[in-house]
Number of protein chains: 2
Amino acid sequence: MAHTDYHCNRGCPVEATLEIIGGKWKGAILYHLIQKTTRFNELRRLMPDITQRMLTKQLRELEARNLIERTAYPEVPPRVEYSISEYGRTLTPAIEALHSWGLTHLEKNNFNQ
Amino acid sequence: MAHTDYHCNRGCPVEATLEIIGGKWKGAILYHLIQKTTRFNELRRLMPDITQRMLTKQLRELEARNLIERTAYPEVPPRVEYSISEYGRTLTPAIEALHSWGLTHLEKNNFNQ
DNA sequence: CCGTATCCTCCCAGATACTG
DNA sequence: CAGTATCTGGGAGGATACGG
């Protein structure tokens with residue numbers, strides 16, 4: 001158990017990490033991109049409840065933090081692929097842990113309130 | 001690598017878990033309580049930026065999900081201790097992963113935008 | 001197909017004051 | 001010490017329409 005005596009005065013690392021992958025969608029997006037490189041509309045299909053606007057916004061924010069990479073292919077019709085970056089892949093253990101816990105404890109449950 | 005073919009139609013487990021430990025404070029609170037049972041004001045000291053009102057609110061929500069336990073001792077002055085529950089302890093791997101990543105990648109960084 | 005541009009709503013979270 | 005009670009604003013997130 002790696003329990004350091006980190007004093008946690010100005011926000012603890014857990015809080016900091018949640019600042020980045022928290023929010024309603026970022027964790028799920030990262031999870032999908034860790035599995036495989038995915039196109040924009042493919043992501044929409046995987047997450048039917050997100051709006052186009054929100055998906056774009058979240059992707060831009062993740063890209064700004066260098067957690068994911070965007071590749072646009074100059075084709076007609078346009079094709080844009082999103083993939084996890086080297087840096088983003090360091091989040092795999094965390095995302096996997098969240099996913100695993102959710103699967104075990106929350107599947108088919110209603111988790112509101 | 002435990003990659004199931006979970007289709008993730010109605011929100012994926014990552015999203016579900018973040019629904020529970022996400023938000024600005026819950027992860028940090030759980031982290032502290034996993035380390036040790038802690039009194040109310042002790043938590044405030046560990047997280048100087050949280051307001052009394054928010055701390056109470058977050059604690060109540062975690063308690064409602066049976067992730068933590070509240071014990072009030074009928075003393076003067078009053079003493080209330082919060083501890084992680086058996087169920088809450090199942091979150092340890094996830095919280096540890098978040099903490100570890102934050103330590104490695106975010107310490108001393110400004111992580112706004 | 002892959003986005004922007006607006007507009008809007010709700011509620012999260014902070015500030016502050018008070019209490020058993 | 002360990003909480004409520006109000007008031008308030010700002011921003012996350014949604015709906016909808018349009019564009020290359």
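Every heavy atom of this structure was used, including side-chain atoms; hydrogens, water molecules and symmetry mates were not. Just so it is clear, the structure is predicted and the values come from calculations on it, not from any experiment. Proteins come first, then strands; the chains are lettered A, B, ... in the order of their sequence lines, and each starts at number 1.
- At least one side-chain heavy atom of P13(B) sits less than 4.5 Å from a side-chain heavy atom of L103(A).
- Within the 4.5 Å cutoff, the side chain of T92(A) has no heavy atoms near those of the I84(A) side chain.
- The distance between the ring centers of H105(B) and Y87(A) falls below 6.0 angstrom.
- By the 4.5 Å heavy-atom criterion applied to side chains, F40(A) and T56(A) are counted as neighbours.
- Scanning residues 67-76 of chain B for heavy-atom distances under 4.0 Å to DNA chain C yields an empty list.
- When each of R44(B) and K26(A) is assigned the nucleotide of DNA chain D with its nearest heavy atom, R44(B) is the one assigned upstream, toward the 5' end.
- Under 4.0 Å is where a charged nitrogen must lie from a carboxylate oxygen, and between K57(A) and E61(A) at least one such pair does.
- Phosphate proximity of dC1(D) to Y82(B): absent, as no side-chain N or O sits under 4.0 Å from OP1 or OP2.
- Looking only at distances, a side-chain donor or acceptor of S85(B) sits under 3.5 Å from a matching main-chain atom of N66(B).
- Using a 4.5 Å heavy-atom cutoff, the side chains of I29(B) and Y31(B) are not in contact.
- At a threshold of 4.5 Å between non-hydrogen side-chain atoms, the residues Y82(A) and T38(A) do not count as touching.
- Evaluation of the side-chain hydrogen bond (donor to acceptor under 3.5 Å, both in side chains) rule for K36(A) yields E42(A) as partners, not counting sequence neighbours.
- With sequence neighbours excluded, no residue satisfies side-chain hydrogen bond (donor to acceptor under 3.5 Å, both in side chains) with E69(B).
- A side-chain donor-acceptor contact under 3.5 Å links T17(A) to the backbone of L98(B).
- Spacing between atom CG of L43(A) and atom P of dC2(C) amounts to 10 Å, rounded to whole angstrom units.
- For the segment residues 55-63 of chain B, residues with any heavy atom less than 4.0 angstrom from an atom of DNA chain D are, sorted by number, T56(B), R60(B).
- Looking at T104(B) and T90(A), their side chains never come closer than 4.5 Å, going by heavy atoms from C-beta outward.
- For the pair D49(A) and W25(A), the minimum side-chain heavy-atom distance is below 4.5 Å.
- Inter-axis angle, ends of the helix from dC1(C)-dG20(D) to dG20(C)-dC1(D), five pairs per end, rounded to 10 degrees: 60°.
- Atom CD1 of I50(B) and atom C1' of dA15(C) are 14 Å apart (whole Å).
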Do any N or O atoms of the protein come closer than 3.5 Å to N or O atoms of nucleotides 15-20 of chain D, and which pairs are they?
from	atom 1	to	atom 2	distance (Å)
dA15(D)	N6	R53(A)	NE	3.3

